[in-house]
Amino acid sequence: MFYVYVYKDPRPTKNQQAVYVGKGSGDRAYIHWTQRVKHNKGFGAFLALLRREKLEPIIEIVKDQLEEPEAFYEEMKLIEIYGRRDLGKGTLFNLTDGGEGFVNVIRTEEWRENIRKALSTEEQITRNMIASKERWANKEYKEKTIAAIRKALKDPEVIARREAGKAAFIHTEAFRQTMSKATSKMWQNPSYVEKVTQAQKEVQGTDEARSRKSEASVATWADSTVRDKRTDGIKRSRTTAVSRQKTSEQSKAQWADPEYAAKQTANNKEIANRDEVKAAKKAAAKALWADPEWRAKMLAARKKRIDTIPTN
């Protein structure tokens with residue numbers, strides 16, 4: 001029996017892109033990694049690069065328990081989908097179209113459509129999900145991958161490529177609309193909401209996460225440009241009629257709750273009775289009365305109130 005395998009790039013910025021497709025039996029899928037590749041310089045150079053970076057390729061058995069003709073068919077189908085580098089059509093280092101080296105075979109639109117359907121079947125999607133879960137269930141793989149991602153995200157070259165990609169694609173209005181629709185659709189799924197919410201609580205509730213967020217916040221607010229921009233944005237957002245109306249409604253709703261009102265009243269009294277608060281209020285009052293304009297205004301208002309009191 002035979003199987004079809006795919007080598008994938010483990011580097012974080014490559015999103016596990018396929019780099020080689022093969023067909024074999026026994027330990028054929030792993031020989032490329034354990035032994036030197038002699039007849040494919042590009043693939044050999046790629047594996048050598050991974051060794052220098054102390055990484056290992058992701059080797060995925062896509063389909064097994066196949067008769068040889070079936071294996072050839074699956075191999076050719078995947079090479080067609082991923083595309084060959086030497087022909088400028090994709091990411092694979094393969095030098096043939098598979099199927100024992102048949103090259104320059106004309107593919108009809110019907111052929112391509114059959115391949116697309118085969119890769120989008122429930123069986124294929126499930127297989128990919130299972131393979132991904134199995135990899136991430138491996139503690140060593142998970143820790144190694146996460147560490148590699150964090151390291152890569154600090155690399156100036158990686159940062160530059162990511163920013164260039166954002167400028168060319170992510171920052172477009174079409175992309176924003178697409179992501180907005182996709183996100184809205186996902187958050188309408190109660191199962192997804194529950195799963196993501198729980199995951200966020202678990203991750204963000206750790207001491208490590210709190211420490212990272214605190215350090216990031218301090219570093220961000222230390223930047224005067226960012227601080228001024230955020231402060232201005234907060235002020236503007238809080239002074240709009242919509243914002244004031246929203247704040248008022250929220251406050252009324254909270255104070256309509258007897259338990260909340262009692263708790264807040266007791267809390268306010270406790271704060272007002274603190275010595276430091278009394279001292280601060282006294283100092284503030286003195287400062288106000290030291291202002292001639294404010295003093296005159298307050299005395300005039302007081303006299304006006306006294307004059308309105310009826311005399312017997």
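Quantities reported herein were computed from a predicted structural model and do not represent experimental measurements.
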Query raised in the report: Within a strict 4.5 Å, meaning less than it, do heavy atoms of the Phe93 and Val21 side chains meet?
Result: no
Query raised in the report: Heavy-atom distance under 4.5 Å between the side chains of Asp9 and Pro57, does that happen here?
Result: no
Query raised in the report: Does a side-chain N-to-carboxylate-O contact under 4.0 Å join Glu293 and Lys297?
Result: no
**Report entry** Derivation of the side chain to side chain contact (heavy atoms under 4.5 Å, CB included) call for Lys8 and Gln17
**Finding:** CA-CA 5 Å; Lys8 294 185 176 181; Gln17 72 178 14; over 6 Å; no
Requested in this report: Using the six-membered ring wherever Trp is involved, compare the ring planes of Phe43 and His32 and label them parallel, tilted or perpendicular (cut-offs 30° and 60°).
Outcome: perpendicular
Query raised in the report: Under a 4.5 Å cut-off applied to non-hydrogen side-chain atoms, are Trp33 and Leu47 in contact?
Result: yes
Query raised in the report: Is there a side-chain contact between Phe46 and Val19 (heavy atoms, below 4.5 Å)?
Result: yes
**Report entry** Salt bridge flag under 4.0 Å for residues Asp275 and Lys278
**Finding:** no
Query - Cationic N near anionic O, under 4.0 Å, Arg236 to Asp232 - result: yes
Report task. Report yes if some heavy atom in the side chain of Glu74 is under 4.5 Å from a heavy atom in the side chain of Lys23; otherwise report no. Result -> no
Requested in this report: Check whether any side-chain heavy atom of Tyr7 sits under 4.5 Å from a side-chain heavy atom of Glu60, and report yes or no.
Outcome: no
Query raised in the report: How close do Asp97 and Met76 get, heavy atom to heavy atom, and via which atoms?
Result: O-CG, 3.3 Å
Query raised in the report: Are any of the side-chain nitrogens in Arg274 or Glu270 under 4.0 Å away from the carboxylate oxygens of its partner?
Result: yes
Report summary line: Of all heavy-atom pairs linking Gly24 and Tyr5, the shortest is N-CE2, 4.1 Å
